[in-house]
S.K.: 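Okay, handing you the structure first.
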There are 4 protein chains.
Amino acid sequence: MNKKELIRLSATKIIAEEGFYKTKVQDIADDAEIAVGTVYIYFKNKDDILDYIFESQHTKMIEFIEKQEKQEISPLEKIKRILRYHFTEMENNPDLAKVLSQEGTGPLKNKESEMKDDSLGVPDIFQRMLEESKEIREIRDIDAEMFGYVIFFVGRETAYLLQIKGKKDRYYKAFEELLTFIVNGIKV
Amino acid sequence: MNKKELIRLSATKIIAEEGFYKTKVQDIADDAEIAVGTVYIYFKNKDDILDYIFESQHTKMIEFIEKQEKQEISPLEKIKRILRYHFTEMENNPDLAKVLSQEGTGPLKNKESEMKDDSLGVPDIFQRMLEESKEIREIRDIDAEMFGYVIFFVGRETAYLLQIKGKKDRYYKAFEELLTFIVNGIKV
Amino acid sequence: MNKKELIRLSATKIIAEEGFYKTKVQDIADDAEIAVGTVYIYFKNKDDILDYIFESQHTKMIEFIEKQEKQEISPLEKIKRILRYHFTEMENNPDLAKVLSQEGTGPLKNKESEMKDDSLGVPDIFQRMLEESKEIREIRDIDAEMFGYVIFFVGRETAYLLQIKGKKDRYYKAFEELLTFIVNGIKV
Amino acid sequence: MNKKELIRLSATKIIAEEGFYKTKVQDIADDAEIAVGTVYIYFKNKDDILDYIFESQHTKMIEFIEKQEKQEISPLEKIKRILRYHFTEMENNPDLAKVLSQEGTGPLKNKESEMKDDSLGVPDIFQRMLEESKEIREIRDIDAEMFGYVIFFVGRETAYLLQIKGKKDRYYKAFEELLTFIVNGIKV
DNA sequence: GATGAATGAGTGTTCATTCAT
DNA sequence: TATGAATGAACACTCATTCAT
């Protein structure tokens with residue numbers, strides 16, 4: 001496998017176990033069965049590894065979102081599909097779910113690193129969708145900016161919550177309950 | 001002032017600015033205008049300071065909640081009042097809002113420290129109130145455990161979000177929107 | 001009891017348990033049931049406490065030795081009595097035995113503190129006695145300086161050794177064996 | 001040179017000068033002209049350095065002793081040769097002599113570290129040799145355990161004593177006097 | 001004299017990062 | 001690219017000592 005991806009996977013695993021600050025670069029290298037020095041060929045520094053974990057998942061999200069944009073479906077339905085996609089991803093990636101929840105703060109950990117480019121964060125995308133949804137009277141006249149974020153982190157935190165609370169079996173049922181909650185919360 | 005409280009205030013301020021791991025105990029001591037050694041008279045170690053910040057606010061919450069319990073009001077109304085109380089607290093304490101949001105993970109940062117006693121966390125209390133609310137058909141038959149947590153961290157994160165997003169002026173309006181969102185989301 | 005003596009006893013106990021460097025002045029104060037500050041009324045600093053322990057025992061030895069000097073006995077017999085006295089002292093004071101053995105290095109721990117006055121150390125006294133003994137042909141023509149020290153630390157170390165090796169019951173028998181060893185070693 | 005050995009030599013030098021507790025790991029690193037961090041690649045902690053100094057010398061002793069065991073010589077003669085070997089070693093290594101004397105307490109400083117394996121300490125070996133010596137009526141019926149230790153620390157302390165007392169020139173003469181003392185002390 | 005809260009210099013240890021091989 | 005020994009700045013924590021009460 002691509003070494004950068006190998007490092008990302010090991011880092012996700014170790015950071016999920018130990019937390020970012022307690023994770024040693026050496027531990028990541030050990031898990032990936034490579035030398036510490038090698039990590040620094042693919043990453044500028046330790047923070048860069050965490051950024052990459054967030055960016056990778058963000059990129060996957062954006063790709064999925066772009067596919068949805070081409071569909072002829074209502075903005076609210078789009079949001080629901082995006083959340084469903086996120087839940088599926090997190091179910092297949094418990095370590096990642098934990099890292100995104102524990103180490104994430106706002107869109108990206110390091111404000112400095114920001115989004116590299118001018119691409120929007122998921123909360124911003126949700127905001128735009130909510131605004132479109134408002135225009136077609138699908139939902140109430142809510143503060144789209146605030147709810148863009150609220151829906152984003154409710155999704156992120158709940159995906160992790162359901163795992164630690166051992167709801168594995170009822171994962172999808174609980175998830176649909178959450179969707180109903182959100183939709184009821186904002187619909188006209 | 002009580003030295004332990006003095007340290008708590010300085011720590012909250014510095015941790016809000018720098019983040020817990022980048023905060024040096026020396027910085028806290030400097031801000032409090034005491035010697036480093038003094039910090040260690042009142043706190044076992046650096047983690048203990050963060051725990052105390054969480055515990056202090058938790059204690060205030062619990063005290064407020066216990067006062068509500070004596071009132072003759074519906075469980076859902078109690079939850080709303082608790083959230084309102086939290087928002088007021090966070091408005092008066094932006095640094096604390098940031099620390100609770102950024103450094104908090106689940107109920108308490110350090111799982112080991114647990115709740116000292118057997119006192120319930122706020123999510124647990126919300127859960128119980130939701131169950132009572134379900135019984136009187138005030139709300140739908142939702143997963144009370146999950147929504148106990150969801151309401152808890154929506155409250156926590158949004159209180160912080162509104163501050164960084166500069167909604168100061170519309171703070172209460174935005175907050176009432178959030179309450180409506182939650183109530184609509186779970187009501188029958 | 002005299003507070004300085006109280007501190008000396010507690011210090012001896014704690015230092016025997018923990019070793020001098022691992023002993024905290026606070027621990028000594030706790031054991032003596034006084035405040036730390038009080039320790040510093042009677043002692044200049046921590047080292048001073050250890051010095052006092054050594055000096056106290058040294059003073060007792062010197063007093064005993066001076067009594068012997070007045071007796072009409074051979075120098076070799078004097079040495080034997082001094083060693084016997086030391087053994088009895090150590091048997092009654094296991095903690096002190098340990099401290100003298102573990103923390104003692106040469107006559108006094110702190111070279112700077114030296115003997116306060118110009119009083120001789122026990123090795124020096126043994127040296128003089130050995131010289132007298134040589135003159136009366138009681139013992140061989142040995143290096144009195146070296147054997148003054150050798151007999152001194154054999155006495156000190158063996159007194160402690162017999163305790164940790166659990167020879168309590170055979171303590172005096174073992175001790176007499178040691179005396180025989182020394183006398184045989186140096187006699188004509 | 002092997003870095004671990006380099007550190008051992010610098011540590012021996014500095015500890016001899018300053019004493020173990022006053023020695024800073026940084027001082028050792030400076031003397032060895034390496035970074036502090038490097039010390040911790042080769043040693044678990046500061047105590048571990050002292051243990052290694054003792055172990056290294058102990059290993060040399062054991063190697064010498066094992067060579068003696070193959071010789072057809074009396075047990076008492078073996079002990080004499082071992083002591084002679086020790087004296088030669090200490091003469092060539094005054095710093096080590098000082099460290100072994102000042103920082104040594106019983107066989108090894110840290111009881112926890114024990115002998116790594118089940119190898120015997122030198123006092124134990126002396127004890128066995130004394131027992132063999134007793135069997136062939138070479139020496140009196142002495143307490144072999146006690147005298148194993150007595151001979152061990154008389155050897156160790158005297159080797160150091162002769163150096164600080166400036167007997168360099170008469171070192172071997174004094175040493176032979178000590179051997180005579182010991183042999184006379186225990187022979188039939 | 002007695003107290004013990006406060007001090008702050010001092011130090012062991014860690015670990016992200018580098019770079020010669 | 002890959003390695004991993006070496007680096008050294010950084011930091012949590014300790015504890016002898018002081019001094020206002």
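Labels below follow one simple rule: chain letters A, B, ... track the order of the sequence lines, proteins then strands, and each chain is numbered from 1.
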S.K.: May I ask which nucleotide in the shown strands pairs with F:dT21, Watson-Crick or G-U wobble, both distances under 3.5 Å?
M.R.: E:dA2
S.K.: Between protein and nucleic acid, restricted to nucleotides 17-21 of chain E and to nitrogen or oxygen atoms under 3.5 Å apart, what atom pairs and distances do you find?
M.R.:
{"from": "E:dT17", "atom 1": "OP2", "to": "A:Tyr40", "atom 2": "OH", "distance (Å)": "2.9"}
{"from": "E:dT17", "atom 1": "OP2", "to": "A:Lys46", "atom 2": "N", "distance (Å)": "2.9"}

S.K.: Relative to each other, are the rings of C:Phe43 and C:Tyr52 parallel, tilted or perpendicular (30° and 60° limits)?
M.R.: perpendicular
S.K.: Among E:dT7, F:dA6, E:dA2, which nucleotide has an atom closest to any side-chain atom of C:Thr38?
M.R.: E:dA2
S.K.: Hey, are the side chains of A:Arg156 and A:Val122 touching, using non-hydrogen atoms and a 4.5 Å cut-off?
M.R.: no
S.K.: Once you round it to whole Å, what is the distance between C1' of E:dG12 and NZ of C:Lys22?
M.R.: 13 Å
S.K.: Out of E:dA6, F:dT3, E:dG8, which has the shortest distance to the side chain of B:Ala35?
M.R.: E:dG8
S.K.: For D:Ile41 and F:dG8, what is the distance between atoms CD1 and P respectively, to the nearest whole Å?
M.R.: 12 Å
S.K.: What pair of heavy atoms forms the shortest contact from A:Ser101 to A:Glu157, and how long is it?
M.R.: OG-OE1, 2.8 Å
S.K.: Calculate the interatomic distance between A:Ile28 atom CD1 and E:dC15 atom P; express it in whole Å.
M.R.: 13 Å
S.K.: Calculate the interatomic distance between A:Leu6 atom CG and F:dA2 atom P; express it in whole Å.
M.R.: 10 Å
S.K.: Taking the side chain as every heavy atom from C-beta outward, state whether D:Ile14 and D:Glu17 have any pair of such atoms under 4.5 Å apart.
M.R.: yes
S.K.: Look at all strands and tell whether B:Tyr42 reaches a base, only sugar-phosphate, or nothing, counting heavy atoms closer than 4.0 Å.
M.R.: sugar-phosphate
S.K.: Would you say F:dT1 has OP1 or OP2 under 4.0 Å from some side-chain N or O of A:Lys3?
M.R.: no
S.K.: In whole Å, I'd like the distance from the CG atom of A:Asn2 to the P atom of F:dA2.
M.R.: 10 Å
S.K.: Has C:Lys22 got its NZ or CZ under 6.0 Å from the middle of the six-membered ring of D:Tyr21, at an angle within 45 degrees of the ring axis?
M.R.: no
S.K.: Report yes if some heavy atom in the side chain of A:Tyr42 is under 4.5 Å from a heavy atom in the side chain of A:Ile49; otherwise report no.
M.R.: no
S.K.: In whole angstroms, how far is the C1' atom of E:dA6 from the CD atom of B:Glu33?
M.R.: 15 Å
S.K.: For C:Asp27 and F:dA16, what is the distance between atoms CG and C1' respectively, to the nearest whole Å?
M.R.: 12 Å
S.K.: For B:Thr23 and D:Val39, take the nucleotide of DNA chain F holding the closest heavy atom to each; which residue's nucleotide lies nearer the 5' end?
M.R.: D:Val39
S.K.: Is the closest side-chain heavy-atom distance between A:Arg8 and A:Glu55 below 4.5 Å?
M.R.: no
S.K.: Once you round it to whole Å, what is the distance between C1' of E:dT13 and NZ of A:Lys24?
M.R.: 11 Å
